[in-house]
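The structure appears below as structure tokens.
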Amino acid sequence: MTSIYKGYMGKMLDVNLTTGKVGEYQVSDTDRELFLGGRYLSTKILWDELKPGVDPLSDENILVVMTSPLTGTGGPCTSRYDISAKSPQTGAIGHSNSGGNFGMNLKRAGWDGMVVRGKADSPVYLEIEDDTVSIKKAGKIWGMDTQEAQKAMLGTGKGGSMAIGPAGENLVKFAAVVSQERCHGRTGMGAVMGSKNLKGMIARGTKSVPINDPENYKITVKKWIKLLQGHPATGVMAPRLGTAFSLMPLSVRNTLPTKNFSAGTYDKAYNISGEMLAEKHLVKNFGCISCPIRCGRVVNINGHEVKGPEYEIMCLMGSNLLIDDLEAIIHWNYEIDLLGMDTISTGTILGFAAELNEKGIWKNGIAFGDKKAMSKAIQDIAYRRGIGNDLAEGVRFLSKKYGGEDFAPHVKGLEFPAYEPRGTVSQALGYATATRGACHLDAGYEVYMEVTGPITMDQHKYRGKPPWTVLTQNLMAVISAGGNCLFTGWTFVPKPAYKVPGKPLLSKIVTAVMSNVGWLIAATVKTPPWLLKIHVPFLLPHSKALKEATGMKMDFGIWSRIGERGYNMEKLFNLREGINKEHDKLARRFTDEPLIPGKPKTVVRMDKMLPKYYRLRGWDKNGIPKKKTLKKLKLDFIDITQITK
């Protein structure tokens with residue numbers, strides 16, 4: 001079904017690996033209007049196609065690869081695309097976004113995305129070249145790492161590629177998919193591909209993405225790039241230190257996970273910091289296609305220039321394991337990517353295993369500070385050898401089998417990312433309520449408003465935080481659904497705010513104001529779209545760019561409502577799978593044990609924040625969307641009584 005809107009190619013693939021049949025999947029323009037693309041349009045497809053209770057690693061699960069309307073349009077940071085399925089790691093909605101080159105090349109081949117069904121009898125990969133789609137034998141590349149496999153599939157030709165490594169083949173629950181050197185890390189999409197005997201995909205094409213208003217879109221893109229390059233966060237901070245710009249501030253503010261999230265500061269933090277990486281190891285910067293920010297790091301390993309580590313692994317394989325050897329972390333980062341595993345889950349699982357070992361709950365040989373044990377465990381996980389077979393199942397599994405549920409760092413089965421929740425309580429609320437489980441991005445990245453940003457709130461004060469969490473969750477998600485990198489959302493905080501930290505009195509005043517304007521943010525969240533018929537290109541140009549690229553009726557109000565709608569759609573999917581209020585929680589360590597001894601307020605007051613969060617979302621006390629909320633969001637095609645029995 002073609003689309004009346006530009007920005008889309010108007011076609012999606014439908015590939016059945018069991019039968020070998022290739023066809024087209026029909027998507028309506030109504031669904032494009034309601035969900036845009038990426039994770040949100042994928043969730044609608046998963047809702048339509050999957051029966052409740054499907055085993056994520058069975059033939060019945062489907063894999064949805066989805067681009068967005070801005071993908072490949074030349075807009076800043078628009079190489080993004082999404083992979084979604086029911087997650088084998090959580091049993092909830094699973095989605096993972098990447099800036100690799102496959103999505104752009106898929107659109108150049110004439111396709112907005114694809115639905116992959118069934119399971120091949122033997123290993124295969126997909127080759128897409130314009131309208132020609134082939135299912136090719138992959139026996140010779142099964143067992144290869146993610147880089148070898150991509151090179152083998154592409155041969156001497158060019159194009160977009162993505163592949164799984166040994167971890168995906170062995171159904172490690174947090175297996176990743178790698179495109180170039182960029183990773184779809186979270187929620188186990190690599191395991192879903194492995195369960196289908198699908199090693200990877202390549203795409204080549206000769207088409208261009210149609211633009212509705214090309215002249216004005218070019219002007220908007222030019223201004224947008226200037227905004228990003230001239231902003232302190234995206235033009236200075238991220239290029240200079242990459243995502244690890246936050247490591248030192250987080251340690252100073254007691255929010256750097258240390259020793260399995262038992263503490264928030266690390267006395268050797270500088271040794272694993274962005275500053276140390278820049279001083280000792282950085283070869284050059286790089287960025288995803290069409291990205292003017294260039295936050296990626298390039299380092300040298302054995303004479304080869306490879307992608308360097310991001311903040312998450314520098315913390316989770318560093319302070320979280322009491323290891324201050326940045327060179328070891330650089331090598332682990334490369335190794336984990338080759339094996340095809342999520343670095344976030346890997347580091348958090350190893351930290352949890354180390355504490356279980358230290359406490360004598362599970363004697364597994366993994367000890368804090370023991371680099372040799374960590375190196376062995378990484379390989380054992382990927383190949384499910386020895387204790388690696390249990391580690392490959394994740395923190396939730398380990399805590400249920402061996403114990404330690406009171407300090408298990410996960411939500412809904414997805415391991416914590418690298419932010420100590422007691423040091424940023426609105427981020428903690430976001431962890432608990434995020435639809436795919438503990439995720440700093442699905443949580444709304446509120447740590448930027450509480451700890452690492454230029455203007456921050458009281459990081460331990462719980463009053464007024466639910467509105468901030470709802471707002472940023474919606475905005476972060478719709479940025480992704482439209483096709484941009486989430487870092488383009490950093491311009492939400494205007495440039496003048498970066499002068500505040502140097503003025504102590506003004507900083508205190510701003511912190512006090514931001515910590516007490518929850519009522520105003522709540523009013524913003526509740527504002528109907530018809531009152532927001534504007535664009536705000538000086539802060540968030542996304543809605544204006546979408547209107548010009550697609551020709552769709554779009555303004556800031558409609559755009560933000562899409563964020564709210566999609567978040568509710570993901571919540572409904574989870575409710576249908578039996579994931580409810582009982583799963584919107586953190587372990588007792590984070591709600592009952594103060595982060596800072598002697599300061600009882602340094603805990604996460606979920607009991608105080610969650611009810612207000614539900615009310616703001618238009619959900620009842622059990623976290624179930626009300627009928628009037630579904631009607632408001634045009635989701636009333638769903639009978640809520642049928643999925644909450």
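Note that the numbering runs from 1 along the sequence shown for the chain. Being a predicted model, the structure only gives us computed values, none of them experimental.
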- Tyr402-Asp390 side chain donor-acceptor pair, cut-off 3.5 Å: yes
- Query: Do the non-hydrogen side-chain atoms of Lys400 and Arg396 ever get within less than 4.5 Å of each other?
  - Reply: yes
- Message: Test of understanding: with salt bridge (Lys or Arg N to Asp or Glu O under 4.0 Å), list the residues that count as partners of Glu181, not counting sequence neighbours.
- Response: none
- Side-chain contact, heavy-atom cut-off 4.5 Å: Leu414 with Lys412? no
- Query: If you round to the nearest 0.5 Å, how far is CG of Leu277 from CD of Glu327?
  - Reply: 11.5 Å
- Would you say the side-chain atoms of Glu310 and Thr243 include a donor-acceptor pair closer than 3.5 Å? yes
- Side chains of Arg186 and Arg436: closer than 4.5 Å at any heavy-atom pair? yes
- Please check if any side-chain donor atom of Tyr25 sits under 3.5 Å from a side-chain acceptor atom of Glu49, or the reverse. yes
- Item | Atom pair CG (Leu282) and CG (Asn300), whose distance is rounded to the nearest 0.5 Å | 11.5 Å
- Query: Are any non-hydrogen side-chain atoms of Ile202 and Ile128 less than 4.5 angstrom apart?
  - Reply: no
- Message: When you compare the side chain of Met201 with that of Val65, does any pair of heavy atoms fall below 4.5 Å?
- Response: yes
- Item | Phe352 side chain near Phe261 side chain, heavy-atom distance below 4.5 Å | no
- Do the rings of Trp490 and Phe245 sit parallel, tilted or perpendicular, given the 30° and 60° boundaries? perpendicular
- Side chain to side chain, Met569 and Tyr40, heavy atoms closer than 4.5 Å: no
- Would you please indicate if the ring centroids of Trp362 and Phe397 are separated by under 6.0 Å? no
- Any donor-acceptor N/O pair, Arg32 side chain to Val27 backbone, under 3.5 Å: yes
- Would you indicate whether Asp121, at its atom CG, is surrounded by more than 12 heavy atoms from other residues, nucleotides or ligands within a distance under 6.0 Å? no
- Message: Could you check whether Glu415 and Gln89, counting side-chain N and O atoms only, form a donor-acceptor pair closer than 3.5 Å?
- Response: yes
- Message: Does any part of the side chain of Met9, heavy atoms only, come nearer than 4.5 Å to the side chain of Lys207, both counted from C-beta?
- Response: yes
- Task: Return yes if a side-chain donor-acceptor contact under 3.5 Å exists between Asp342 and Ser345, otherwise no.
- Result: yes
- Message: Please check: side-chain N/O of Ser79 versus main-chain N/O of Asn101, any donor-acceptor pairing under 3.5 Å?
- Response: no
- Message: With no hydrogens and no angle check, just 3.5 Å: does a side-chain donor-acceptor pair link His184 and Tyr81?
- Response: yes
- Pair Arg384-Asn170, side-chain donor/acceptor within less than 3.5 Å: no
